[in-house]
Amino acid sequence: MPLTDKELSKVWGLVKIALNKEFSQKQYKAWIEKSTKLLDFEGNQVVVAVPNNIVLKWLSTNAKFKIAKALSELLGTDVLVDFKISPASFKRIKKEENQDLVSLFDPTAKYSEQVKKALEEAQINPKYSFENFIVGASSQLAYAAAVAVAESLGDVYNPLFIYGPVGVGKTHLMQAVAHKAISKDPTKKVYYCSSETFLNEMVDSIRKGKAIDFRNQYRKLDLLLIDDIQFISNWQSTQDELFHTFNTLYNAGKQIIFVSDRPPAEINNLADRLKSRFEGGMVVDILPPDFETRVAILRKYNETKHYKLSDEAIEKIALLVTDNVRSLIGAYNKAHSYVKLTKSDLKPEDIERMLGLDKASLKRRLTPKKIVSVVASFFGVLEKDVMSSKRSASVVLPRQLSMYLIRTLLHLSLEETARALNRKDHTTVLHAVSKIEKLMQQDSNFSAEVLRIKGKLVN
Ligand code: ADP
Ligand code: MG
């Protein structure tokens, strides 16, 4: 039976995890991360889609063997790898992602009482599901690993160790594994706790002479999630007990997931044997989301809140709030309450004011020159040609887009914008802006590209 698109992309996610270790970060990002997709898989013949000939050539020379090896290991059978140029596959990815956003629902609505109760007992926030997690480049690997673990507890990556800065979705992703496991089988024994709770319970049981009970209680679990494990450095003396509990579970084939703000090697005062246990499974990181992902997350929130904010307002928030998802959602909620209370629209300028972020800070980072240079390189034309008076079609669009971006991102006046591009007449700017706006309305591919360019400018 042929695999579904979802299954293909899941398999590919796992192959990418393996490939990520085989290449430098630069190579992985440039050639593999967003420019490969598993297209087809029949018998032992695998077809990998690539967007163009350049990627095809590079992969054929540098990665074909490694891809075949990773797939063979994953599937337990030898495979032959072929590449196919298929730009459409990459457009389709975008659409699928967008559809995912449209079908937002309350994940618990369809659950039985038994599932709801099991989620509650396991201390899982029902909102933290895979469906509600927007995957971006910076969370792709962690997401793929989490999905793989949820599919077969205790089998693939044990323990799974997820680390990253605050507010990037670590707890969400970790709980999503539990969410999935419980919704598939509510009789699974699952428990989520912070490292602090875990250690307190442990110390308590030791004090009461009930350490055995404590261990037995944990031994019954199919899945144990311990959040913020970095705090273990504060409890030197109890690391032994954690080690034993870990071993008991691990040897019984039970799944364990740890979350931390740093990799195992950087946790202070961590006993060597615990460190090597943590490192013995799969260690993945999550970083703050890029601009496109921030927009996707906000759009999803906007949907659950019945589209109170305009797309323009959403992009503005995504532009200004860059550090983590928690503050992104905080900013959204602030804007949302404003609209609800005042029953009036929020203009992008209002958002800047509301978030206490002035245009000046954006301006400091972004200049008209940078905009022209990023746009030119995106279209593969020379910056000086964009700045010149050449009228050839290949430079007219980049020029108009530069004007549009300078106007909308930097809020320069028409005259200033014209000057930034060596024009005297500011009506060309007016014309350019309305032309680009029209194009974006008519052509969703084009507006997706504009979004991508903006991403390059602000990240
Ligand atoms: P962390 O544990 O890394 O500090 P959390 O998992 O608590 O972060 O995430 C903070 C908030 O942001 C939560 O409400 C979570 O649902 C949301 N969030 C984080 N990442 C994503 C994402 N990729 N998609 C959707 N929501 C996210
Ligand atoms: Mg957390």
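Just follow the structure's listing: the first ligand is 1, and inside any ligand the first atom is 1. In what follows, every heavy atom counts, from backbone to side chain, and hydrogens, waters and symmetry copies are set aside.
Ring-plane geometry between F278 and F246 is classed as perpendicular, the angle between the planes exceeding 60 degrees on a 0 to 90 degree scale with a lower cut at 30. Ring orientation note: the planes of F258 and F161 are tilted relative to one another, at an angle of 30° to 60°. Classification of the F214-Y218 ring pair by plane angle, with boundaries at 30° and 60°, yields tilted.
Looking at atom 4 (O) of ligand 1, its nearest protein heavy atom turns out to be G167 N, 2.7 Å. Of the protein's non-hydrogen atoms, R326 NH2, 2.9 Å is the one closest to atom 7 (O) of ligand 1. Considering only non-hydrogen protein atoms, atom 11 (C) of ligand 1 sits nearest to I329 CD1, 4.2 Å. Closest to atom 16 (O) of ligand 1, if we only count protein heavy atoms, is H172 ND1, 2.7 Å. Counting only heavy atoms of the protein, atom 14 (O) of ligand 1 lies nearest to Y128 OH, 3.9 Å. Nearest protein heavy-atom contact of atom 25 (C) of ligand 1 is N132 O, 3.2 Å.
Annotation: cation-pi pair R277/F243 absent, no NZ/CZ under 6.0 Å from the ring centroid and within 45° of its normal.
In this structure, K347 does not pair ionically with D350, as no charged nitrogen and carboxylate oxygen lie closer than 4.0 Å.
The number of heavy atoms from other shown groups lying within 6.0 Å of CD (E151) is above 12. More than 12 non-hydrogen atoms from other residues, nucleotides or ligands lie less than 6.0 angstrom from CZ of F379. Counting non-hydrogen atoms of neighbouring residues, nucleotides and ligands closer than 6.0 angstrom, the NZ atom of K66 exceeds 12 such neighbours.
The shortest N or O to N or O distance between I134 and ligand 1 is under 3.5 Å. Looking at ligand 1, you'll find an N or O of G169 within less than 3.5 Å of one of its N or O atoms.
Atoms of ligand 1 lying under 4.0 Å from at least one heavy atom of V325, given by number and element, are 12 (O), 17 (C), 18 (N), 19 (C), 20 (N), 21 (C), 27 (C). Close approach of ligand 1 to V168 is summarised as follows: ligand atoms under 4.0 Å from at least one heavy atom of the residue are 1 (P), 3 (O), 8 (O), 19 (C), 20 (N).
Residue contacts with ligand 1 do not include S139, since none of its heavy atoms lies under 4.0 Å from the ligand.
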